[in-house]
K.L.:
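I'd like to ask some things about the structure below.
All values below were derived from every heavy atom in this structure, side-chain atoms included, with hydrogens, water molecules and symmetry-related copies excluded.
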Amino acid sequence: MAANTVIGKRRLSAQKEARASYESRKAVISEAAVRVFHRLGYQGASLSAVAAEVGVDRATIYYYFSSKEEMFDEIVRAVLEGNEALARRIAGSNMKPGRKMREVVMAFMTSFVENYPLLHIYVREDLKQVTGKRTDWSRHMRKLNRSIEDCFVDIVEQGYADGSFRKLGSARTVTYGILGMLNWSHRWFRPDTANADEDMGKIFADMIMGGLESPY
């Protein structure tokens with residue numbers, strides 16, 4: 001019995017080490033994939049390009065990702081999950097509404113820039129048209145989008161309630177306007193243009209708060 005217990009513990013330990021090694025290697029490949037998508041864009045990227053970036057053969061990549069689409073979806077999901085968690089944390093914090101809005105806008109613009117072109121490609125994706133194996137991914141992403149939207153609505157409503165925001169319209173309409181401004185950046189932002197050196201988060205936060213904050 002004791003021998004079996006020892007063997008069982010060793011087997012479990014070996015499984016944990018193997019899993020940790022797998023996840024670590026997958027993280028390295030994901031980071032390389034972000035660089036490839038950034039450099040080549042979605043259309044130009046390929047599993048072969050990612051393999052070359054990592055310094056392995058294409059077959060090795062298939063052990064972690066079955067296709068470019070799966071790789072892209074998984075990486076974007078991780079980024080959006082992080083953004084959604086951040087939005088919930090900011091909306092639920094003890095900061096004043098104006099500070100919350102400024103922080104969340106700056107965080108989202110920073111994420112757009114740092115994860116270019118991944119999030120910009122994702123913004124253009126019509127999630128309702130996604131089918132097949134990507135259906136579950138699409139459903140999860142829409143849920144995250146709704147949660148993020150609700151966080152912005154919550155912040156606007158808080159600003160209305162304490163009088164720090166001008167009542168421009170319904171909180172949801174104002175939210176659509178703010179998110180539209182942020183998301184539309186995919187139409188003009190490029191990392192190789194002159195404005196890429198500007199602090200996009202601060203610029204957008206200043207514009208949005210300039211329209212929202214009550215003068216009284």
K.L.:
Excluding sequence neighbours, so at least two apart, what forms side-chain hydrogen bond (donor to acceptor under 3.5 Å, both in side chains) with Ser170?
P.N.:
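Per chain and number, Ser170 pairs via side-chain hydrogen bond (donor to acceptor under 3.5 Å, both in side chains) with Thr173.
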K.L.:
Would you please indicate if the ring centroids of Tyr22 and Tyr63 are separated by under 6.0 Å?
P.N.:
yes
K.L.:
Give a yes or no on whether a salt bridge exists between Asp73 and Arg77, defined as a side-chain N under 4.0 angstrom from a carboxylate O.
P.N.:
no
K.L.:
Please tell me if the side chains of Pro97 and Phe165 come closer than 4.5 Å, counting only heavy atoms from C-beta onward.
P.N.:
yes
K.L.:
Do Phe65 and Ser30 touch side chain to side chain, with heavy atoms closer than 4.5 Å?
P.N.:
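Yes, side chains in contact.
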K.L.:
Give every residue pair that meets the salt bridge (Lys or Arg N to Asp or Glu O under 4.0 Å) criterion with at least one member in residues 62-71, sequence neighbours excluded.
P.N.:
none
K.L.:
Could you work out, with side-chain contact (heavy atoms from CB on, under 4.5 Å) as the rule, every residue matching Glu84, not counting sequence neighbours?
P.N.:
Arg88, Leu144, Ser147, Ile148
K.L.:
Restricting to salt bridge (Lys or Arg N to Asp or Glu O under 4.0 Å), what partner residues turn up for Arg25, sequence neighbours left out?
P.N.:
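If we apply the salt bridge (Lys or Arg N to Asp or Glu O under 4.0 Å) test to Arg25, skipping adjacent residues, there are no hits.
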K.L.:
Per the salt bridge (Lys or Arg N to Asp or Glu O under 4.0 Å) rule, what does the pair list look like for residues 30-42, sequence neighbours excluded?
P.N.:
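As it turns out, the salt bridge (Lys or Arg N to Asp or Glu O under 4.0 Å) pairs with a partner in residues 30-42, which skip direct neighbours, are Arg35-Glu53, Arg39-Glu53.
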K.L.:
Could you give the distance from CE (Met95) to CD1 (Ile90), rounded to the nearest 0.5 Å?
P.N.:
5.5 Å
K.L.:
Indicate yes or no: at least one non-hydrogen side-chain atom of Leu179 is less than 4.5 angstrom from one of Leu182.
P.N.:
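Yes, side chains in contact.
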K.L.:
What residues form a salt bridge (Lys or Arg N to Asp or Glu O under 4.0 Å) with Glu74, not counting sequence neighbours?
P.N.:
Lys26
K.L.:
Sequence neighbours left out, what passes side-chain hydrogen bond (donor to acceptor under 3.5 Å, both in side chains) with Arg146? Give chain and number order.
P.N.:
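Residues passing side-chain hydrogen bond (donor to acceptor under 3.5 Å, both in side chains) with Arg146: none at all.
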K.L.:
Report yes if some heavy atom in the side chain of Met101 is under 4.5 Å from a heavy atom in the side chain of Leu212; otherwise report no.
P.N.:
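Touching, per the 4.5 Å side-chain cut-off.
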K.L.:
Checking the side chain of Thr60 only, and the main-chain atoms of Val56 only, is there a donor and an acceptor separated by less than 3.5 Å?
P.N.:
no
K.L.:
Please identify each residue that fulfils side-chain contact (heavy atoms from CB on, under 4.5 Å) with Ala205, with sequence neighbours left out.
P.N.:
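If we apply the side-chain contact (heavy atoms from CB on, under 4.5 Å) test to Ala205, skipping adjacent residues, the hits are Arg102, Val105, Met106.
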K.L.:
Quick one: side-chain hydrogen bond (donor to acceptor under 3.5 Å, both in side chains) partners of Arg166, sequence neighbours excluded?
P.N.:
none
K.L.:
For residues 152-160, run the donor-acceptor check on the side chains, cut-off 3.5 Å, and write out each pair with its distance to 0.1 Å, sequence neighbours left out.
P.N.:
from   : atom 1 : to     : atom 2 : distance (Å)
Asp154 : OD1    : Gln158 : NE2    : 3.4
Asp154 : OD2    : Gln158 : NE2    : 3.0
Gln158 : OE1    : Lys100 : NZ     : 2.6
Gln158 : NE2    : Ala91  : O      : 3.4
Tyr160 : OH     : Leu168 : N      : 3.2
Tyr160 : OH     : Gly169 : N      : 3.4
Tyr160 : OH     : Gly169 : O      : 2.7

K.L.:
Between atom CD of Glu81 and atom CG of Leu86, what is the distance when rounded to the nearest 0.5 Å?
P.N.:
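Nearest 0.5 Å value for the CD-CG distance: 13.5 Å.
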K.L.:
Atom CZ in Phe37, atom CD1 in Ile75: separation rounded to 0.5 Å?
P.N.:
6.0 Å
K.L.:
To the nearest 0.5 Å, tell me how far Tyr64 OH sits from Glu23 CD.
P.N.:
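Atom-to-atom, Tyr64:OH and Glu23:CD are 9.5 Å apart.
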K.L.:
Can you name the salt bridge (Lys or Arg N to Asp or Glu O under 4.0 Å) partners of Asp57, sequence neighbours left out?
P.N.:
none
K.L.:
Got a sec, which residues hit salt bridge (Lys or Arg N to Asp or Glu O under 4.0 Å) with Arg58, two or more places apart in sequence or on another chain?
P.N.:
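So Arg58 forms no salt bridge (Lys or Arg N to Asp or Glu O under 4.0 Å) with any residue.
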K.L.:
Let me confirm one number: the CG-SG distance from Asn83 to Cys151, rounded to the nearest 0.5 Å.
P.N.:
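So the CG of Asn83 and the SG of Cys151 are separated by 11.0 Å.
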K.L.:
Would you please say whether a donor-acceptor pair under 3.5 Å links the side chains of Arg89 and Ser93?
P.N.:
no
K.L.:
Does a side-chain heavy-atom distance below 4.5 Å link Met109 with Ile203?
P.N.:
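Sidechains of Ile203 and Met109: no contact.
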